[in-house]
Amino acid sequence: MSEQQIPKTFDPADIEARWYPHWEKTGAFRPERPDAGPWTLVNPPPNVTGSLHIGHALDNTLQDVLARYERLRGKDAKWVVGVDHAGIATQMVVERQLAEKQQKRTDFTREEFVKKVWAWKEESGGQITRQLRRLGCSMDWSNEQFTMDPHFVRAVTKVFVDLYNDGLIYRDKRLVNWDPGLKTAISDLEVETVEVKGHFWRFRYPLADGVTLADGRDYIEVATTRPETMLADMAVAVHPDDERYASVVGNFVEQPITGRRLKIVADEHADPELGSGAVKITPGHDFNDFEVGKRAGIAAGDMLNMFNADAHVVQTQDGLVPDQFVGLERFAARAAVVAELKRLGCLIPHVARTKDGEEQELDAEPRRIQTPFGDRSNVVIEPWLTDQWYVDAEKLAVEPMRAVREGDINIVPKSWEKTFFNWMENIQPWCVSRQLWWGHRIPAWFDDDGNVFVAMSEQEAVDQAGGGTLRRDEDVLDTWFSSALWPFATQGWPEADVKGEGRYPNDVLVSGFDILFFWDARMMMMGMHLLSDVPFRDLYLHGLVRAADGQKMSKSKGNTVDPLGLIDDYGADALRFFMTAMESQGRDIKMDQGRIEGYRNFATKLWNAARFAQGYGIGASDTLAPPAATTAVNQWIIGETIRTAQAVELVLADYRFDAYASTIYQFTWNRFCDWYLELIKPVLQAEGGHDDAAETKAVAGWVLDQILVMLHPVMPFITEELWHKLGERPYDLILAKWVEADSRSISADAAEEVDWLIELVTAIRSSRSELNVPAGAKLPLFVRDAEGGTVERLERQGSALERLARIESVSSDPAPAGGAAQIVVGEATYVIPLEGVIDIAAEKARLTKNRDAAAKEAKALAGRLSNENFIAKASEAAVAEARTKLADRTAEQERLDAALDRLG
RNA sequence: GGGCGCGUAGCUCAGCGGUAGAGCACUGCCUUCACACGGCAGGGGUCGCAAGUUCGAACCUUGCCGCGCCCACCA
């Protein structure tokens, strides 16, 4: 693609469709650059069945900004990409498809079903990767990963075996969060607590054996929000110090429905302040009660279970559940238990007042109950006693906490550290087994006696067992177990020496804060244990993309925005710029189409600026260093370019994405387009050529190139297109060199001169506009009180001034008598005769407004400077600055007073 | 119950110790030969409230009021 005329219209779709395949085909994402140092980033693997949502667009834009920036700075930027098998999510999708055909998973063998999932993976797995390409993400597709690739399976198996052998994975019988919808255990993190409307019932449990309480009552009152669990009650607990019950501890109550004798135990868990102070204990179906039960000497194996896998009532081991309850669904069982207790006269009614103040008896007190739901199934979670595999997270959490504390891992923004520590310090054993078919099958085998053998292969397990036939564990691993290995398993670990290659630790991880525990922390635990080093040096956490009204986006609310649609409407570059500009640390992003449109306009602006430049023979620069410049305007823009590059480097080092976007935006539009291009028009358009033309074209071409370079990380498509349209290039922009930001190329004098010119032009324009001078009218300008330096500047910048402020001539002669606009800039006053045109009253009003503004500021400054505390305590620089400003403002005010006098 | 964050122009957001900025929207002028997805000029804010620290506070501290998120066993 060689130099050619830039078309009048900017068509993002056309450009995007051409450049992405070109980059990918030419290997630009991982070019051969033997001298380049490694820089590594791994992409949070999206679900294989997923499609790109707006959160992915944010996450991947930020990563691509970093990857492209580092690539431009000469690094061998490797951005690892791949997809996650997403156990539960994917299995659910395929099961849903079966359901549409009136089929279910269990109609098939495990092998048949898994085959169907693989088929679906092949069919749908490419979608999200195609979409990432449309966003422009410069990932290393040559090394695309899948968490169920054969080498990944080996890595996962090895990790499981190693952790088992290290005692960090174990099998345990305890309560798990059981999802009766999916019929699998899930981890704590996959449980979402939601407040729902519920009831709080109170019941009487009669004391057995004729015992009574100190006050003579023959029953103990217990309360619950889950009456159905009474069918498996095993005790009643009271606080050891609770006098009311001290006499009956060690005695029994009789559960009214089952007739089971429940021991009254003393346990700190019972809160004397709450309700009656006595609490029923169901060790098999409540996390607290499980602990109380254990303390009371009930072994896990003896705890009564009253549910099957889909939460229907089953007979307990002691056979005491009346037949009428067996087989009931859990919520039906709840109603049945309440009804039966009521019938038995054991229900204590709740007395409520109606709005009219009348008393009313209810079965139970209405309450808001914190209820656990499965995050995937949206079904109420049941604590259920099962054998599962656990990772000893507490031990694995030690090193990551140390790493964060000591700065080996730098969490950005820092405010997340507290959340991180809070979770890590209270971490619970991680249940990693899932009763699913899709996933990494657990490498554990059992013999007929229930002995377990954990091994890399069945053969090894058999060898361990000393022969015989073994049965492999049916369960698979939590998806996050495999993705926890992502920073190294994707790069060939354990065979490859990822540390030696400089690819581990990764340089940075970018993720949404919503997966800090699920994924980021687990990578730290696994990485630090298995590779003895942190998985990444920096952890950048970004927020959520919210709907325009601030609500969380979700399919069920129907308020999602499709990033692909936004790309169609505004171009990928505009969407990327939006994400980058809005990414402010520690804050969510609210959708704002107006902004995306604004950034589309920005792209168009750049396009037209390049087109303009090209029209005057400005093209690809042939130097990396700034070209030699003699004019103030050229020196100034070079300095501004370098300052911009330095600012960009500074803010990107701190992951200040918004600051990066606004820095480059303002430079491009407000400096380069609004001023520089306008200032050089007289040079470019001079009839018969201009002495400064060659220099100016060289500088303009260089600056434009630097803009393309600096903008490329966030707007890769338009910049690559313009890069080539502006001239023959030895390489694509994606592989160009970052700006040589050498401060020695900044001229302070040039900056002062151009700042002065801008101030003067702006002031003249402002007065023209306020005095309603016709926009096209060219006016003479008379200067008074100008010092030598200003006179020279006026000579040098005369043609620019004439063009930008619509001035016909500049003269240091006294202005003719009569009405005139007067403009004060610096020490000089600029007079524009407007006899007959000017409205003297309007000009007086305008000058007075300016005078008053100067006077007000001068007064404030004078006040500050007359405060001896300020002089004594404020920094010298602050005092000096105040003095300078006061002098300036006072002088300005005096000149404006003089101008007002002249108006009469 | 703990923790985190947010309340700045009509809207979306920067600024985080020296008397307020951007984009969009708004008003006026401009069909000026790069761009009307544009140019120029302009209006608009007692920076949630209160007290404190400081020579000086949108910016630091404390309290309060609103909003949001996360974690947690009130049966």
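Quick note on labels: first sequence line is chain A, next is B, and so on, each numbered from 1.
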Checking contacts here: which listed nucleotide (B:rA14, B:rA41, B:rC55) is nearest the side-chain heavy atoms of A:S584?
B:rA14
Using a 4.0 Å heavy-atom cut-off across all strands, classify A:M591 as base, sugar-phosphate, or nothing.
nothing
Quick one: label A:G571 by what it contacts on the DNA or RNA (base, sugar-phosphate, nothing), any heavy atom closer than 4.0 Å.
nothing
Using atom C1' of each nucleotide, how far apart are B:rG23 and B:rC65 to the nearest Å?
30 Å
Go through B:rC29, B:rC71, B:rA72 for me and flag the one nearest to the A:Q370 side chain.
B:rA72
Contact class for A:R226 (heavy atom, under 4.0 Å): base, sugar-phosphate, or nothing?
nothing
Is the shortest distance from a Lys or Arg side-chain nitrogen in A:K778 or A:E808 to a carboxylate oxygen in the other one below 4.0 Å?
no
So does A:R656 get a side-chain nitrogen or oxygen closer than 4.0 Å to the phosphate oxygens (OP1/OP2) of B:rG15?
yes
Which nucleotide sits closest to the side chain of A:H269: B:rG28, B:rA75, B:rA34?
B:rA75
What's the separation between atom CD in A:E16 and atom CD1 in A:I567, rounded to the nearest 0.5 Å?
6.5 Å
Whole angstroms only, please: what is the CZ-P distance between A:F602 and B:rC24?
12 Å
State whether A:S766 places a side-chain N or O below 4.0 Å from either non-bridging phosphate oxygen (OP1 or OP2) of B:rG42.
yes
Nucleotide nearest A:R367 (side chain, heavy atoms from C-beta), chosen from B:rA75, B:rC71, B:rC35:
B:rA75
Look at the side chain of A:E678 and the base of B:rA34, then say whether one donor and one acceptor between them are separated by less than 3.5 Å.
yes
The reported gap from NZ in A:K873 to CG in A:N867 (rounded to nearest 0.5 angstrom) is 9.0 Å
Evaluate the ring planes of A:W669 and A:F602, with Trp represented by its six-membered ring, and classify them as parallel (under 30°), tilted (30 to 60°) or perpendicular (over 60°).
parallel
Salt-bridge present (A:R202, A:E365; N to O < 4.0 Å):
no
In whole angstrom, give the distance that lies between atom CH2 of A:W675 and atom C1' of B:rA34.
17 Å
Spacing of A:R595 atom CZ relative to B:rC37 atom C1', expressed in whole Å:
17 Å
Does the ring center of A:F420 lie less than 6.0 Å from the ring center of A:F513?
no
Taking the side chain of A:D674 as its heavy atoms from C-beta onward, which of B:rU12, B:rG18, B:rC40 lies nearest to it?
B:rC40
Has A:Y599 got a side-chain N or O lying under 4.0 Å from the OP1 or OP2 atom of B:rG23?
no
What is the distance from NZ of A:K590 to C1' of B:rA14, rounded to the nearest Å?
15 Å
What are the two closest heavy atoms between A:Q428 and A:A393, and how far apart are they?
O-CB, 3.6 Å
Quick check on B:rC4: is either OP1 or OP2 less than 4.0 Å from any side-chain nitrogen or oxygen of A:K418?
yes
Considering only side-chain heavy atoms of A:Y665, which listed nucleotide, B:rG23, B:rC6, B:rC40, is closest?
B:rG23
Nearest to the side chain of A:F870, heavy atoms from C-beta on, is which of B:rC4, B:rA14, B:rC55?
B:rC55
Pick base, sugar-phosphate or nothing for A:K8, based on heavy-atom distances below 4.0 Å to the nucleic acid.
sugar-phosphate
Can you tell me if the side-chain N/O atoms of A:N601 get under 4.0 Å from OP1 or OP2 in B:rG38?
yes
Checking contacts here: which listed nucleotide (B:rG38, B:rC6, B:rA75) is nearest the side-chain heavy atoms of A:R587?
B:rC6
In this structure, how many angstroms lie between the P atom of B:rG39 and the OH atom of A:Y676, rounded?
19 Å
What's the closest nucleotide to the side chain of A:Q685 if the choices are B:rA34, B:rA41, B:rC37?
B:rA34
So A:A270, base contact, sugar-phosphate only, or nothing? Heavy-atom distance under 4.0 Å.
base
Counting the atoms with a prime plus P, OP1 and OP2 as sugar-phosphate, which does A:W669 contact under 4.0 Å by heavy atoms, base, sugar-phosphate, or nothing?
sugar-phosphate
Measure from CG on A:N608 to P on B:rG39 and round the result to the nearest Å.
10 Å
Where the side chain of A:R806 is defined as all heavy atoms beyond and including C-beta, which of B:rG3, B:rU32, B:rA34 is the nearest nucleotide?
B:rU32
